[in-house]
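Counting starts at 1 for both ligands and their atoms, in listed order. The analysis underlying the following values was restricted to heavy atoms, covering all of them including side chains, and did not include hydrogens, waters or symmetry mates. For clarity, every value in this text was computed on a predicted model and none was experimentally measured.
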Amino acid sequence: MSGNVFTAVKVSEHVYWVGAIDWGIRDFHGYATRRGSTYNAYLIIADKITLVDTVRAPFKQEMLARISSLLDPRDISCIISNHAELDHSGCLPDIVGMIRPERVYASTVGARVLKEHFRFETDITAVKNGESISLGNMEVACLETRMLHWPDSMFSYLAEDHILFSQDAFGMHLASSERFDDEIDPAVLVCEAATYYANILLPYSPQVLKLLDQMPGLGLKIDLVAPDHGPVWRRGFDEIKDYYRRWALQKPQKKAVVVYATMWHSTDLMARALAEGLTRSGITVKVMPMEVHHRSDIAFELLDAGALVVGSPTLNNSVFPSMADVLTYLKGLRPQNLIGAAFGSYGWSGEAVKQLESYLSEMKIQLVGESIRAKHVPDADILDLCCDLGSKIGEELSKRIE
Ligand code: FEO
């Protein structure tokens, strides 16, 4: 018994998964990862044994143990860094120091970003878009995929095994004992891939569309897509590609998301009345009080919505903190093609609703109707107004979709 409990998992004829499973992570730079994650690294058994990406620093030993189940890590000749973010490069300096590879490859931007992060003394070999890396008996082709997810990002492709290493793209935060998509409940895959898209890739939807349009012309035969998070796509890649196109296009659906905070349930009453009006006009509504939802839940629901309706009480002349949080987050994700409205209760000054309007306008969300404010507690007239505003938003949304 060696004590090494971690093993590599064969992915294709020449490729093994040697990554790490993070069962416990629940926050990935602000995104709630309720099913954990994986940091995938892959080992290509070529003349020049090559490691594709590494793992987050605390998981270095797990990755090394999985590599050691196959070979001595010091036999690795090359490392290809497809993405410089620290969940894939965190242990790169230690690994480079330990195995002293002949070459570390990254995109032209990646070579600079890795140097900036780690002050490497080792040279990083920059590969240009479309260039190939020789592994002796095989070649790995490199394709820049800027902004998917960072400016440095690139894909690499091993023609021998028809496998595309896609770093963050087509990935998901999902810790699992299974390594392939066809071993996991498809509903979980779509849910986690959508959550990942909404929270990580949404701002880069134009680049996603460009990539999807470009892929057929590259003439790559792809049997496997190996991202840096979640399972390897062995069966369902075409389906997930279709989902990516849909998510990137952000065509509004007959769905509204009502997000609000409440102090003494006045704004809550208004949200419920708005939801009734939306429902009456045939719109699916998700009512999401920030007391019980995480900002990334809202991003997920907004992915296929056509309207964002936001509510807040005024607290100390300001919008409620949880609403400032979620709206700051959503603004950064740059959702497109939404209409919306603002509402809220107040006691004396009542600035919150104007501030909500400003957020919506910065997000280029077209306001429907007049915003509604209720002093202290909404009376029957105010609740009727909320219900009417909900119906108006629903009608406007239906018109846009028809
Ligand atoms: Fe999984 Fe952009 O890092």
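Environment of NZ in Lys48: sparse, with no more than 12 heavy atoms of neighbouring residues, nucleotides or ligands closer than 6.0 Å. Crowding of Glu239 atom CD: a count of heavy atoms from other residues, nucleotides or ligands under 6.0 Å not exceeding 12. No more than 12 heavy atoms of other residues, nucleotides or ligands shown are found within 6.0 angstrom of CH2 on Trp264.
Using modelled atom types, one finds a donor on one side chain and an acceptor on the other under 3.5 Å when comparing Asp168 with His83.
Between Arg400 and Glu396 there is a salt bridge, since at least one side-chain N of the basic residue sits less than 4.0 Å from a carboxylate O of the acidic one.
Of all protein atoms, those that are N, O or S and lie under 2.8 Å from atom 1 (Fe) of ligand 1 total 4.
Relative orientation of the His173 and Tyr196 rings is perpendicular, given thresholds of 30° and 60° on the angle between their planes.
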